[in-house]
Amino acid sequence: MGGGRWSLKFLGRGASPLRLAVGIAVAGIAWNASPRHVAAADPSLASPGEKISSAANGVIRSFRAIYTIGFVVVDYKYSLHALTPYSSEYRMKLSEVHLRSAKKLRKLCEANKGFYVKAGQFVSSLRQVPKEYTSILSSLQDQAIPYQFKDIEDVIARNLGKDLSKIFLAFDKQPIAAASIAQVHHGILINNQEVAVKVQYPGLEQQMKIDITTMSILSKTVSWIFPDYRFERIIQEFERAISLELDFVQEAKNSERAARNFKNNNIVRIPGVYWDLTTNSILTMQFCSGHKVDDIEFMRDSNINPREVAKSLMEIFAEMIFVHGFLHGDPHPGNILVCPEGHGGFSIVLLDHGIYRELDESFRLDYCELWKALILLDAKKIKVLGEKFGVHKYSKYLPVIFTGRTIESKSALGTQLSNEEKKLLKQELHSLKMDDISSFMESLPSDFFSILRTDGLLRSIISKLGAPRHVRLLAYAKYALYGLETHQDVDHGLTVTSTVSRLKANMSYFQLRILLEFLALISRIEDARHSLVIKSKRMMHKVANFFYRSSILSWFSLM
């Protein structure tokens, strides 16, 4: 009871929500006016009048956010204050509050649009937040209202210094895609080349500063009221991601680097960049057609096996993580297309290269070692690597996060858990408290955080494609091995290792390869079983239709 009264008292004391919102907006205006910011600005920045309008809008958006979060805080405090923490009744009530709060936050994101939608999308991709939030906020992935074409035309003219008619033979006024910070239009250049033009919405930089400041203040407030719930790390990662996304020149460089990394891969397609038509706010690329990676109906109509797409997609991203150390950080379905052309009957087009993470080399190698340890069920090695990653006592949760089993599990990856292991896993998950999750997230290296988010998005996609879980495990295991071998090849050119050391390494790799082959065999058996089930259902359907038609004909013959 005392906790509930205290939270209400807190909400009533100090600066009012309106004064706090005004303060945030003023801070945003001051930041926009600073010489450092003006020097870095591009030609599409808004006029002084538009800045004032943006600041006023910032006050409204900030007030709306503070108002919503205030109600969410009160809901948590009063709904849970009389319950025994982590009892069955507590967990049930907590789930109800999570659901109500997620719905309130979704409404906030839909009302504030822009970076709030982006923030909601960001949170929905994190596997470390309650499932109620990921489920409700995932609907924001398709929340985007295009800007009026006049605004888009003005941004292009100011950035490229020419009217559209001087650059394009044709330019579609209706966008082919719209997101929270930009929209994409199809165009044909004067030289008849087909392009996709990504145009950033005007006035985003000043809006971002106000919105991020609001989110930061709110996250600290919530962490003060609920010490177990700490979101500062999520806000920091979100701000880093958004800052990267707003720089289209960097995005173009990322796409070219990724294209070089996959130059020998005939499944991956990455659109080329037209540098003479690219600025911080405009990105002109080669036009690539295709359908979203989760469009199952399209794949079936095009005779493309969704499971093969899932396998190729996982191998592409596994190669990024374990071999290249250069990772696309936003692989949601809108950024990945499937084209019915290429090797094996399809190709995968990677779009939106704004958010990339360059993994530290020592982290990349340790992460390869982690997956090797996960496959070999090497609990001692997992704990040692957990210490290196800085998660210490939480290292026992690494197998749970990545493979869905406890650190004591003896079942090989790709096989079913025993009943006892299922019971232990359930107990392990129930023992996790929000404080454990918050502490774990705060302990993680930034590289790890990026991988977790990307992995969460990939799991969602391959699940929609109907691929079994071992497709992901097999891809990660295989490329973790490749990543270690790649490093060894470099070392062999620089240092001389002992015969015994090489023999030990080769024995370890031989053991790992046997397990990989075992996983591959399981995958083939599962695919064959799945194919047999489908064929059996079709056969039964035909037989049923035959008997149905026969009975109808017999009935008519008797009449």
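This one's a predicted model, so the numbers in the text were calculated from it and none came from an experiment. The figures here come from the full heavy-atom set of this structure, side chains too, leaving out hydrogens, waters and symmetry mates.
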May I ask you to decide if the ring planes of Tyr367 and Phe363 are parallel, tilted or perpendicular, using 30° and 60° as cut-offs?
parallel

How are the rings of Phe322 and Trp371 set to each other: parallel, tilted or perpendicular (split at 30° and 60°)?
perpendicular

Which atoms form the tightest heavy-atom contact between [X] and [Y], and what is the distance?
X      : Y      : value
Val117 : Cys109 : CG2-O, 3.3 Å
Phe248 : Ala182 : CZ-CB, 3.9 Å
Pro146 : Gln183 : CA-OE1, 3.3 Å
Ala102 : Ile136 : O-CG2, 3.6 Å
Glu341 : Arg269 : OE1-NH1, 4.5 Å
Gln286 : Ile270 : OE1-O, 4.4 Å

Using the rule ring-ring contact (aromatic ring centres under 6.0 Å, His included), only one of Tyr482, Tyr479, Phe317, Phe262 pairs with His324; which is it?
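Among the candidates, only Phe262 passes.
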
Check ring pair (Phe, Tyr, Trp, His ring centres under 6.0 Å) between Tyr274 and all other residues, then give those that pass, not counting sequence neighbours.
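In terms of ring pair (Phe, Tyr, Trp, His ring centres under 6.0 Å), with neighbours along the sequence ignored, Tyr274 is linked to no residue.
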
Can you give the donor-acceptor pairs under 3.5 Å from side chains of residues 298-306 to other protein atoms, not counting sequence neighbours?
residue : atom : partner : partner atom : Å
Ser302  : OG   : Phe298  : O            : 2.9
Asn305  : OD1  : Arg307  : N            : 2.9

Is the shortest distance from a Lys or Arg side-chain nitrogen in [X] or [Y] to a carboxylate oxygen in the other one below 4.0 Å?
X      : Y      : value
Asp455 : Arg472 : yes
Asp330 : Arg453 : yes
Arg364 : Glu369 : no
Glu308 : Lys311 : no
Lys103 : Glu132 : no

Single hit among Asp352, Thr284, Ile282 for side chain to side chain contact (heavy atoms under 4.5 Å, CB included) with Lys198:
Asp352

Looking at Leu398, Leu359, Val391, which hits side chain to side chain contact (heavy atoms under 4.5 Å, CB included) with Phe448?
Leu398

Stepwise salt bridge (charged side-chain N to carboxylate O under 4.0 Å, His left out) check, Lys478 with Glu319:
CA-CA 9 Å; Lys478 182 164 68 173; Glu319 186 173 343; over 6 Å; no

To the nearest 0.5 Å, what is the distance between [atom1] ([X]) and [atom2] ([Y])?
X      : Y      : atom1 : atom2 : answer
Leu108 : Ser101 : CG    : OG    : 12.0 Å
Lys292 : Ile461 : NZ    : CD1   : 10.5 Å
Leu365 : Glu361 : CG    : CD    : 4.5 Å

Tell me whether Arg357 forms a cation-pi arrangement with Phe326, defined as NZ or CZ under 6.0 Å from the six-membered ring centre and within 45 degrees of its axis.
no

Taking the six-membered ring for Trp, is the centroid-to-centroid distance between Phe402 and Tyr476 below 6.0 Å?
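No, ring centres 6.0 Å or more apart.
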
Step through the shown structure and confirm whether more than 12 heavy atoms of other residues, nucleotides or ligands are within 6.0 Å of NZ on Lys383.
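No, because the 6.0 Å sphere around NZ of Lys383 holds 12 heavy atoms or fewer from other groups.
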
Quick one: salt bridge (charged side-chain N to carboxylate O under 4.0 Å, His left out) partners of Lys464, sequence neighbours excluded?
Asp294

Please evaluate residues Asn191 and Gln193 with respect to the criterion side chain to side chain donor-acceptor pair (under 3.5 Å), reporting the C-alpha separation (whole Å), side-chain torsions for both, the decisive distance (0.1 Å), and the verdict.
CA-CA 6 Å; Asn191 60 7; Gln193 290 179 317; 2.9 Å; yes

